[in-house]
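Fair warning: this is a prediction, and the values are worked out from it, not measured in the lab. Start at 1 with the first residue, then count along the sequence. For ligands, and for the atoms within them, numbers begin at 1 and follow the listed sequence.
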Amino acid sequence: MTISVAIIGSGPAGFYTADALVNGGCDVQVDIIERLPTPYGLIRGGVAPDHQTTKKVARKYERTALFDQVRYFGNVEVNKDVSLAELREMYDAVVLAVGAPSDRKLTIPGADKKGVHGSAAFVGWYNGHPDFRDLEPDLNTRAAVVIGNGNVALDCARVLVRSREGMAGADIAAHAMEMIETAPLTDVYLTGRRGPLDAKFTNVELRELGALERAVPLARAAQLPDAVPDDMDPRDKRLAERNLANLRDYATNDPDAKPKRIHFEFFAQPVAILGDARVEAVSFERTRVVDGRAEGTGELFEIPCGLVIAAIGYRSDPIEGAPFDDKAGIIPNADGRVDDGLYAVGWIKRGPSGVISSNRPDGVTVAEYICEDFQNAAGKPGRAALAPVLEERGVRVVTFDDWKKIEAAEIARAKGSGNPREKFVTVPEMLKVLDA
Ligand code: NAP
């Protein structure tokens with residue numbers, strides 16, 4: 001008996017699940033349903049455009065999409081074109097792999113002023129995600145503040161200071177490159193509410209800042225500890241030592257060595273965004289770290305700026321027809337099991353943490369559960385039920401072959417530029433390729 005599975009979301013978690021199902025030894029038919037015409041989720045819309053090595057994993061996902069058992073249904077929005085309840089009727093198993101596409105909200109006074117953006121929106125904008133094409137952040141400022149000490153904060157700070165030459169070989173959206181290239185921005189402040197040992201940067205990403213073509217990273221020696229405490233977990237300790245060594249280097253850099261600067265500002269808790277309609281400065285309270293927590297010292301200081309990126313983490317959105325734990329920002333689940341025939345993988349299952357490959361074990365586990373749970377089931381029709389419903393509703397399904405045509409057009413548009421592709425950044429543009 002063939003087990004029919006619908007996976008909602010075509011990012012890493014969705015593709016790892018599809019791959020594990022096909023290679024898991026049970027008889028499956030897997031449909032990957034994606035809201036956008038384009039697949040790969042965070043690989044296309046989240047991973048920084050100058051991190052092409054990370055994006056190469058999409059080749060593996062492509063091999064998965066081309067298995068006979070797998071079909072891609074792009075441009076199909078769940079709960080608009082077809083409901084989750086309907087999918088659960090049609091398929092034996094439905095796997096939610098929709099990630100964490102929204103920003104964790106910055107809740108300090110003034111956070112709604114013009115010029116303050118969440119990192120999900122800002123990253124989506126420079127990566128050409130159709131949802132954020134029209135964000136148009138105003139980069140006409142000399143200084144920007146990035147709030148957060150994670151890898152997304154590093155990505156945002158780095159992309160803001162890169163040049164067109166430095167971005168050669170990247171697939172940054174053309175509209176973003178144009179704006180970044182010509183912006184008068186000279187100083188980006190990368191601020192963390194705790195200290196250098198608490199930062200969540202991975203070392204390769206922190207080190208990368210030392211080799212930027214037109215920006216120099218600066219840290220302040222007075223904010224760096226003499227040593228890493230011995231009682232740290234050995235893995236965290238190794239990372240902290242490596243990061244500390246880089247920050248010590250950055251503390252000796254000449255601020256005038258390059259035209260732009262990235263300033264590390266630790267022990268800085270944002271307390272208000274200042275300005276009239278637009279941001280003019282961020283007010284911070286100096287902190288000290290006590291038992292791992294940031295504790296305010298009462299000392300306030302301001303960083304004048306015309307742009308703020310809050311890179312303080314992502315959030316999943318509730319899905320109609322599935323339970324949601326609003327506090328944790330995830331779908332409540334037992335190791336990926338949500339309800340009879342309903343599963344969750346990736347960031348909607350466990351929150352927005354880890355690297356791309358951290359999603360693989362989620363997919364493997366859920367694939368095993370699905371094979372186990374449906375080995376003796378009667379079998380629902382799956383694709384045979386979905387395809388006619390979408391047709392009847394006039395939904396323009398983008399197949400994997402269609403996506404390859406869109407991709408070929410993006411590659412052709414980039415010819416001669418040295419970049420791997422020039423992305424289409426709106427859905428109508430993508431669909432127009434298929435009409436040609
Ligand atoms: P993250 O690693 O969780 O970092 C979030 C940062 O925001 C932390 O420094 C956190 O500080 C701070 N923060 C949270 N709430 C705050 C508040 N109210 N005020 C001030 N600061 C606040 O999240 P992320 O950077 O969004 O990254 C998400 C995941 O993607 C991570 O696992 C990351 O490693 C991964 N990623 C990896 C790469 C890569 O490998 N190249 C690139 C991008 C993303 P506290 O620590 O004090 O809470």
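- Atoms of ligand 1 lying under 4.0 Å from at least one heavy atom of G313, given by number and element, are 26 (O).
- Between N151 and ligand 1, at least one N/O pair is under 3.5 Å apart.
- Of all protein heavy atoms, the one lying nearest to atom 4 (O) of ligand 1 is G150 CA, 3.6 Å.
- Of the heavy atoms in I147, only side-chain atoms (C-beta onward) come closer than 4.0 Å to ligand 1.
- Distances from atom 10 (C) of ligand 1 to the heavy atoms of K105, R193, R194 put R193 nearest.
- Here the heavy atom of the protein found nearest to atom 7 (O) of ligand 1 is I312 CA, 3.3 Å.
- Remark: R220 fails to qualify as a cation-pi partner of F264 under the 6.0 Å distance and 45° angle criteria applied to the six-membered ring.
- Looking from atom 32 (O) of ligand 1 to the surrounding protein, the closest heavy atom is G354 N, 2.7 Å.
- In this structure, R288 forms no cation-pi arrangement with F267, as its terminal cationic atom is not both closer than 6.0 Å to the ring centre and no more than 45° off the ring axis.
- With W347, F201, F284 as candidates, the residue nearest to atom 30 (O) of ligand 1 on a non-hydrogen basis is W347.
- Residues F132 and F122 keep their aromatic ring centres 6.0 Å or farther apart.
- In this structure, R360 does not pair ionically with D19, as no charged nitrogen and carboxylate oxygen lie closer than 4.0 Å.
- The residue from T186, L185, L190 that alone fulfils the side chain to side chain contact (heavy atoms under 4.5 Å, CB included) condition with V188 is L185.
- Of the possible polar contacts, none joining the D317 side chain to the S102 backbone as a donor-acceptor pair under 3.5 Å is found.
- Counting only non-hydrogen atoms, the option in A310, P352, A268 that gets closest to atom 29 (C) of ligand 1 is P352.
- If you check which protein heavy atom lies closest to atom 24 (P) of ligand 1, you get V152 CG2, 3.6 Å.
- Geometrically, R193 does not engage F284 in a cation-pi contact defined by less than 6.0 Å to the ring centre and at most 45° from the axis.
- Residues E410 and F424 are in side-chain contact: their nearest non-hydrogen atoms beyond the backbone lie under 4.5 Å apart.
- Closest heavy-atom approach to atom 40 (O) of ligand 1 among the candidates R104, H51, E205, R293: E205.
- Annotation: atom 2 (O) of ligand 1 to nearest protein heavy atom, K200 CD, 3.5 Å.
- Considering each of G148, A153, A311, the one bringing a non-hydrogen atom nearest atom 5 (C) of ligand 1 is A311.
- Around atom 6 (C) of ligand 1, the closest heavy atom drawn from L106, N149, L154, L42 belongs to N149.
- Within the 3.5 Å criterion, the main-chain N or O of V345 finds no donor-acceptor partner in the side chain of N359.
- At a threshold of 4.5 Å between non-hydrogen side-chain atoms, the residues S10 and Y72 count as touching.
- Near S353, the atoms of ligand 1 lying under 4.0 angstrom from a non-hydrogen atom of the residue are 32 (O).
- Interface of D155 with ligand 1, defined as ligand atoms under 4.0 Å from a residue heavy atom, comprises 42 (C), 43 (C).
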